[in-house]
Structures are given as structure tokens and as C-alpha cells.
J.: 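Before we start, here is the structure in question, set down as C-alpha cells.
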2 protein chains.
Amino acid sequence: MSREEILRAAARLVREEGPRALTMRRLAAELGTAVTAIYWHVGNREALLDALVERTLREFAAIHPTGRTPRTRIVSLARALRAELRARPHLIAMVHERGRTERLFRPVRQALVKEARAAGLRGARAAELVRAVEFLVVGSVLVERVSEGEPAGGAVVPGAGDRALERALARPPDPGRLFELSVRAVVEGLLGR
Amino acid sequence: MSREEILRAAARLVREEGPRALTMRRLAAELGTAVTAIYWHVGNREALLDALVERTLREFAAIHPTGRTPRTRIVSLARALRAELRARPHLIAMVHERGRTERLFRPVRQALVKEARAAGLRGARAAELVRAVEFLVVGSVLVERVSEGEPAGGAVVPGAGDRALERALARPPDPGRLFELSVRAVVEGLLGR
DNA sequence: ACCTGAACACCGTTCAAGT
DNA sequence: ACCTGAACACCGTTCAAGT
């Protein structure tokens, strides 16, 4: 049994059953070894989680913009970041709990900084745009998770008798479009000052 | 010892030391009773957390808009929601974990629906505005928590030689202003279509 | 170098027993 | 009605012992 095998099994447990399923004893059973063998390879549970988090950080460092204009490149970064966040909810939560969110966002933030400057923004103005895009990405991932995944997700919010509004709130027909709309609105709003 | 006393002590533990500090044994020690006495009053740990979550839901139901125009009322709702979320990070996380986020946001969402309609939006258009505001509120709370609270919070993201940009990204001089700026940008963008 | 089982201090929870 | 201590099955972790 190698360290790599352990990390793979641990990542699978977290992905499929959530972080609470990742107990040292469960992991050992999964791998068919004694619990204590795992300790020899990875130190302890904290160190194991650290290793999983490091993996995630590396994946987020590979995000790059596409498109020709700064506007489209900013939107593409937002879209890519959103996709990565949505793909690994549990691992992202672990990154956050361990205080590595700053590090997770750094590559995308740097890319956003570059594009904001390419669009002509400087200083605090550029920082505001970068932050606002991050707000929208993070917020959309969380809010959409709610309307998709929650038991009470079908609960209808009274839309003042407006059926189309109620439907669109309960389950947006195209969450991706809604997201891009918001990003474009905020990008246009902050670029066109 | 009353049920109310138990809830108060539990809420204090969560607020001051985080949810991991809330163990039944620790809570019993804090209250000077046997662990099992707590079980008589609240059932079990799950039920205790449920009760704390219900309290939080009630507090969020008391959020109301202020101001005269729909625009200012929408911004005031966003501001109030943000303040409540920031005041109870651990409890909010518990609400989220327990799948009650939909319920937590419902009162504010209803108020936002009303204002979006007062501003003249209907159907999917109104829903988009409501969602976008929620995105920004939730995103800003998380992203700002990161830049305020994380050990690596001081880590400077290269701003392409732009010192003012680097400063503003590392620690925005006025997070509240940055937030309102983003909200206004998205509200204007989605109202003026 | 790599793995094992026993043991320790922590959990949440149940239950029979007390007042 | 309210509280107690003992007991159970689970944790993470350490350590001496094996190969």
C-alpha cells in the first residue's frame, strides 16, 4: 500500500460520502489494512486532509482565461472558477475550513487582475472589479447549491401572484445563463464608470 | 436546569469556540450536570442543533427593508442580510449543513421579490435580480471572511506593479462600501434593461 | 522499511436505577 | 418529573512488538 493509494481512497470517500465518512478506521477497512499502517504513511488525520487540500490547490492553479477581449476573458475566468468550485463541494469546504481559501483563489485572482488592467482599470478600481467577480462566483455556487440540492428546494416563494417569477426562483431554467448575466452586469457596471 | 438554559449555553459554545466545541459532555460540564440530564431535556445532539438552527431562522425572519425607492430598499435588504450573516458564521454554517438555507433566505427573498416588482420587473427578470443580489451578499460574506480572517490573509497578490491595487486586494479599506458598490452595479445593470 | 494489536482518552447514546 | 452512573460502540492516536 502506497501513500498515493491512501490519498486516492481518502479522496474518493470524501467525494462520494462526504468528509464525515473519512474516518481513519473506515479508510483502513476500505484498504484492507490495520488502522495504524495508515499512520505510518501519512502521519495523522490532519496531515491526510492537508494532502487532499494541497491536491485541490494544484488543480485550481491550472485555471486560465479564454477569449479575445478582457471582458470575455473575465467572464471565462468566472465561469471556469464556478465550474471547479461546483465539481468538488466537500473538498472546497475542507480548503475553507483549513484557512487555505486565499491560496485557492490566488491564481484566478491574479488572472483577473491582469484582465482588469488590460481593460484599463487601475488601483482600487481594478481591485473592486476583481472582488465583485469573486463575490458573484462564490455566491452563485452556494445559492444554486441550495435551490438544487435542498429538500425544501421546491418550496415556493410567493411571487406576488407572478407565476413566471415563482417558477424562475424555485428552479432557474438555466443557472449558467443566470450566472453569466449577473457577471456581465457587474463587469459592465464597473468597467463603464 | 431548563431547556432554555441548555440552548443558551450551547449557543454560547458555538459562538465563542465553534461547533466542534459543542460536545454533549463539554456542555454538561459547563452546566454542572450529568451528560444524561441534557438528553432528558433536548432529546439528543441532533435535536439540540435543530433547536439552535430554528432560533437563527426566526432572527432572519425579522429582516425588513428601509428607504423610499425600490433601489434603496433593495440595497438596504442586501446590507441587512449581509450583516446578519456576518454576525453568526458558525450558526449559518450549521443552517447550511442541515439543509435549511432555503428557509433562512426566504423572508429576505420575499422582500426582494416585492421590491423587484415595485421597480417594474416581472417574471424571469425579477427572479434574476433577486438571485443576483443573493449571489453578491453570500459571496461577499465568504470572500471578505477570507481576506479578514485567514492566516495567509496578508499574502499579497501581484498586482502587475500596481501598489494601490495590491493594497486594495489584500485588505479593502472599506469592505462595506465595496459591497454596496457591487450591489448597486448589479441592480442598475439588471433594472436598466 | 513497513505492518500489527493492544491500549488510552475522547465521543454520542441507551438504560436501569434513583429521588 | 427530573437526574444519576454504568455501559456500549464508535472515534483518533500512541507505542511496543513483530517481519
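Chain A is the first sequence line, chain B the second, and so forth, proteins listed ahead of strands; every chain is numbered from 1.
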J.: Are OP1 or OP2 of C:dA1 and a side-chain N or O of A:H41 less than 4.0 angstrom apart?
T.: no

J.: Going through the checks in order, is the side-chain contact (heavy atoms from CB on, under 4.5 Å) test met by A:R145 and B:T101?
T.: CA-CA 10 Å; A:R145 254 198 109 56; B:T101 317; over 6 Å; no

J.: Which nucleotide wins on minimum distance to the side chain of B:T33, given the candidates C:dA1, D:dT13, D:dT4?
T.: D:dT4

J.: Taking atom P of D:dG5 as reference, at what distance in whole Å does atom CD1 of B:I38 sit?
T.: 13 Å

J.: NA contact type, B:A37, heavy-atom cut-off 4.0 Å: base, sugar-phosphate, or nothing?
T.: base

J.: Send over the distance from A:M24 CE to C:dA7 C1', rounded to a whole Å.
T.: 17 Å

J.: The side chain of B:T36 is closest to which nucleotide in this list: D:dT13, D:dA6, C:dT4?
T.: D:dA6

J.: Nearest 0.5 Å, what's the CZ-OG1 distance between A:R88 and A:T56?
T.: 7.0 Å

J.: Run through B:R55, B:R98, B:R45 and flag the one making a salt bridge (Lys or Arg N to Asp or Glu O under 4.0 Å) with B:D50.
T.: B:R98

J.: Between D:dG12 atom P and A:L48 atom CG, what is the distance in whole Å?
T.: 10 Å

J.: For DNA chain D, what is the dot-bracket line, given that a base pair needs Watson-Crick (N1 to N3, plus N6-O4 or O6-N4) or G-U wobble (N1-O2 and O6-N3) geometry with both distances under 3.5 Å, and | means paired with another strand?
T.: ||.|||||...|||||.||

J.: Looking only at non-hydrogen atoms, find the nearest pair between A:V14 and A:H90 and report the distance.
T.: O-CD2, 3.2 Å

J.: What is the distance, to the nearest angstrom, from the CG atom on A:L31 to the P atom on C:dC3?
T.: 11 Å

J.: Round to a whole Å and report the spacing from CD1 of A:I6 to P of C:dC2.
T.: 11 Å

J.: Looking at A:Q110, A:R73, A:R71, which hits side chain to side chain donor-acceptor pair (under 3.5 Å) with A:E115?
T.: A:R73

J.: Take the protein atom CZ of A:R45 and the nucleotide atom P of D:dG12, then report the distance between them rounded to whole Å.
T.: 6 Å

J.: Is A:R79 close enough and on-axis enough to A:F179, meaning under 6.0 Å and within 45°, for cation-pi?
T.: no

J.: Relative to the 5' end of DNA chain C, which residue comes earlier, B:R25 or A:M1, by the nucleotide with the nearest heavy atom?
T.: A:M1

J.: For B:T23, answer base if it contacts any base atom (sugar-phosphate contacts may also be present), sugar-phosphate if it contacts only those atoms, and nothing otherwise; contact means non-hydrogen atoms under 4.0 Å.
T.: sugar-phosphate

J.: Would you call B:E30 and B:R25 a salt bridge, using N to O less than 4.0 angstrom?
T.: no

J.: May I have the distance from B:Y39 (atom OH) to C:dT13 (atom P), rounded to whole angstrom?
T.: 4 Å

J.: If I take atom CZ in residue A:R20 and atom C1' in nucleotide D:dC11, what distance separates them, rounded to the nearest angstrom?
T.: 12 Å

